[in-house]
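Could you have a look at this structure, given as structure tokens, before my questions?
Heavy-atom basis, side chains included; hydrogens, waters and symmetry copies ignored.
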Amino acid sequence: MGVLDGKVAIITGAARGQGLAEAERFVAEGASVVLVDVLGEQGKAAAERLGAPARFVPGDVASQQTWDEAIAVATEEFGGLDVLVNNAGVMVSRSLVDTDEATLRSVLDTNLVGAFLGIRAVVPAMRARGGGSIVNTSSAAGMKGMLNGSAYVASKFGLRGLSRAAALELGRDRIRVNCVCPGLVRTEMAADLLRYHEKEALAQIPLGYPAEPTDVADLVLFLASDAARAISGGEYVIDGGSIA
């Protein structure tokens with residue numbers, strides 16, 4: 001018996017990395033999952049590997065149409081919606097003075113506006129189920145600063161605030177909203193850093209090693225499950241002790 005038996009989830013950015021690890025973990029624990037990603041071929045292949053409990057919706061989370069399609073798949077093919085994981089994200093490494101307006105808006109659209117649209121869109125379906133769980137993926141960089149990452153940091157700080165506001169508003173509907181804040185995770189996003197600056201990066205982590213996507217997936221799984229039924233409005237750092 002899985003901890004998510006009978007539950008239906010939407011996970012964004014699920015074609016690879018953390019999102020895919022979360023989708024795999026959810027399916028293993030009994031959930032049906034709608035994977036959403038702009039990476040069409042990879043997303044389709046991921047859903048096919050996961051089998052009958054998985055569907056793929058290609059699209060940009062900053063588009064309302066993507067959310068409409070994902071919710072339609074969840075409700076029409078799986079019967080409802082219980083969990084949303086806002087995992088999709090982009091990072092641009094560029095100094096503040098070299099970050100133009102178009103770049104800033106692009107990062108905010110994916111990392112913050114996309115999550116806002118998703119939260120707003122899933123509320124009716126979760127209300128129909130008597131509640132639900134929303135897990136937003138911020139970052140350890142959303143708890144402090146980061147060199148050459150002003151747009152990313154701004155989006156992740158904003159996502160923490162959005163999570164708290166949503167937790168307050170949606171609690172009456174028994175919809176829980178929490179935020180995970182990963183540090184360095186061994187994913188495609190961190191590939192160049194680990195390839196060229198691994199020694200320096202690991203020196204900033206007290207435990208001495210980066211998280212794996214499955215480490216983050218385990219935390220998200222807990223927050224999505226009924227084991228966390230009394231937890232909402234929280235922020236959970238998973239960074240090997242770096243912030244400490």
side-chain hydrogen bond (donor to acceptor under 3.5 Å, both in side chains) between Ser63 and Asp60, intermediate numbers included: CA-CA 6 Å; Ser63 165; Asp60 186 342; over 6 Å; no
Full working for side chain to side chain contact (heavy atoms under 4.5 Å, CB included) between Ile119 and Leu170: CA-CA 10 Å; Ile119 293 169; Leu170 301 179; 4.0 Å; yes
Worked verdict on Leu117 versus Val113 for side chain to side chain contact (heavy atoms under 4.5 Å, CB included): CA-CA 6 Å; Leu117 293 177; Val113 176; 4.2 Å; yes
Side-chain donor/acceptor of Arg160 to backbone N/O of Gly142, under 3.5 Å: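 Yes; at least one donor-acceptor contact below 3.5 Å.
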CG-OG distance between Leu4 and Ser225, expressed to the nearest 0.5 angstrom: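 Separation between the atoms: 6.5 Å.
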Under-4.0 Å salt bridge between Arg16 and Asp37: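 Looking at Arg16 and Asp37, the cut-off is not met.
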CD on Glu235 to CZ on Arg164, rounded to 0.5 Å: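 Here the rounded value is 4.0 Å.
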Value rounded to 0.5 Å, distance of OG in Ser155 from CG in Leu108: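 Ser155 atom OG to Leu108 atom CG measures 6.0 Å (nearest 0.5 Å).
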N/O donor-acceptor pair under 3.5 Å between Thr12 side chain and Ala88 backbone: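 Judged by distance alone, yes, a pair lies under 3.5 Å.
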Heavy-atom closest pair, residues Ala9 and Phe26: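 Taking Ala9 first and Phe26 second, the nearest heavy atoms are CB-CD2, 3.7 Å.
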Contact check, side chains of Met126 and Leu84, non-hydrogen atoms, under 4.5 Å: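 Side-chain contact under 4.5 Å: yes.
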Rounded distance (nearest 0.5 Å) linking atom CG of Asp215 with atom CG of Asp239: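 It is 12.0 Å, given to the nearest 0.5 Å.
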Approximate separation, where rounding is to 0.5 Å, of Asn111 CG and Ser139 OG: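 It comes to 9.5 Å.
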Taking every non-hydrogen atom, the tightest pair across Arg176 and Arg229: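 That would be CD-O, 3.2 Å.
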Phe116 atom CZ, neighbour heavy-atom count above 12 within 6.0 Å: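 Check fails, neighbour count at 12 or below.
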Check: Leu50 and Val33 side chains under 4.5 Å, non-hydrogen atoms: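 No - every pair of side-chain heavy atoms lies 4.5 Å or more apart.
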Sidechain-backbone polar pair: Asn148 side chain, Ser93 backbone, donor-acceptor under 3.5 Å: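 No, Asn148 side chain to Ser93 backbone: no donor-acceptor pair under 3.5 Å.
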Residue pair Lys156, Met146: steps toward the side chain to side chain contact (heavy atoms under 4.5 Å, CB included) verdict: CA-CA 11 Å; Lys156 294 302 187 178; Met146 183 176 73; over 6 Å; no
Exam field: side chain Ser232 to backbone Val177, donor-acceptor pair closer than 3.5 Å: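 Present.
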Under 3.5 Å side-chain donor-acceptor pair for Glu69 and Gln65: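 Present: a donor and an acceptor within the cut-off.
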Residue among Val85, Leu219, Thr214, Val83 satisfying side-chain contact (heavy atoms from CB on, under 4.5 Å) with Glu22: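 Of Val85, Leu219, Thr214, Val83, side-chain contact (heavy atoms from CB on, under 4.5 Å) with Glu22 is met by Val85 alone.
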Working for side chain to side chain contact (heavy atoms under 4.5 Å, CB included), residues Val92 and Tyr152: CA-CA 7 Å; Val92 175; Tyr152 180 76; over 6 Å; no
Joint cluster assignment, Val122 & Phe56, ILVMFWY side-chain distance < 4.5 Å: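 As far as the 4.5 Å side-chain criterion goes, Phe56 and Val122 are not connected within one cluster.
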Value rounded to 0.5 Å, distance of CZ in Phe222 from CG in Asp218: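 Here the interatomic distance stands at 11.5 Å.
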Nearest heavy-atom neighbours spanning Pro206 and Ser242: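 Shortest heavy-atom separation between Pro206 and Ser242 comes out as CD-N, 3.6 Å.
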Heavy-atom donor-acceptor pair, Arg172 side chain to Glu169 backbone, under 3.5 Å: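 Pair found, side chain donor or acceptor close to backbone of Glu169.
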Shared hydrophobic cluster, Ile238 / Leu20 (ILVMFWY, side-chain heavy atoms < 4.5 Å):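 No, Ile238 and Leu20 fall in different hydrophobic clusters.
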Hydrophobic cluster identity match, Val27 and Val34, side-chain contacts under 4.5 Å: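 The answer is no; the residues belong to distinct hydrophobic clusters.
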Closest approach of Arg120 to Pro124 (non-hydrogen atoms, all atoms of both residues):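 Shortest heavy-atom contact: O-CD, 3.9 Å.
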Non-hydrogen atoms of Ala15 and Ala46 that approach each other most closely: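 Closest approach of Ala15 to Ala46: O-CB, 4.3 Å.
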More than 12 heavy atoms from other groups under 6.0 Å of CZ on Arg174: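 No, the 6.0 Å shell around CZ holds no more than 12 heavy atoms from other groups.
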Minimum heavy-atom distance between Leu104 and Ala151, given as atom pair plus value: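 Minimum heavy-atom separation between Leu104 and Ala151: CD1-CB, 3.9 Å.
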Member of Asn136, Asn178, Thr137 meeting the side chain to side chain donor-acceptor pair (under 3.5 Å) criterion with Ser163: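 Of the listed options, the one satisfying the test is Asn136.
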Verify same cluster id: Val90, Leu159 (apolar side-chain graph, 4.5 Å):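 Different clusters.
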Ile71-Val123 co-clustered via ILVMFWY side chain contacts under 4.5 Å: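 Yes: a chain of side-chain contacts under 4.5 Å links Ile71 to Val123.
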Polar contact flag, side-chain donor to acceptor under 3.5 angstrom, Thr103-Asp100: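 Side-chain D/A pair, Thr103 to Asp100: present.
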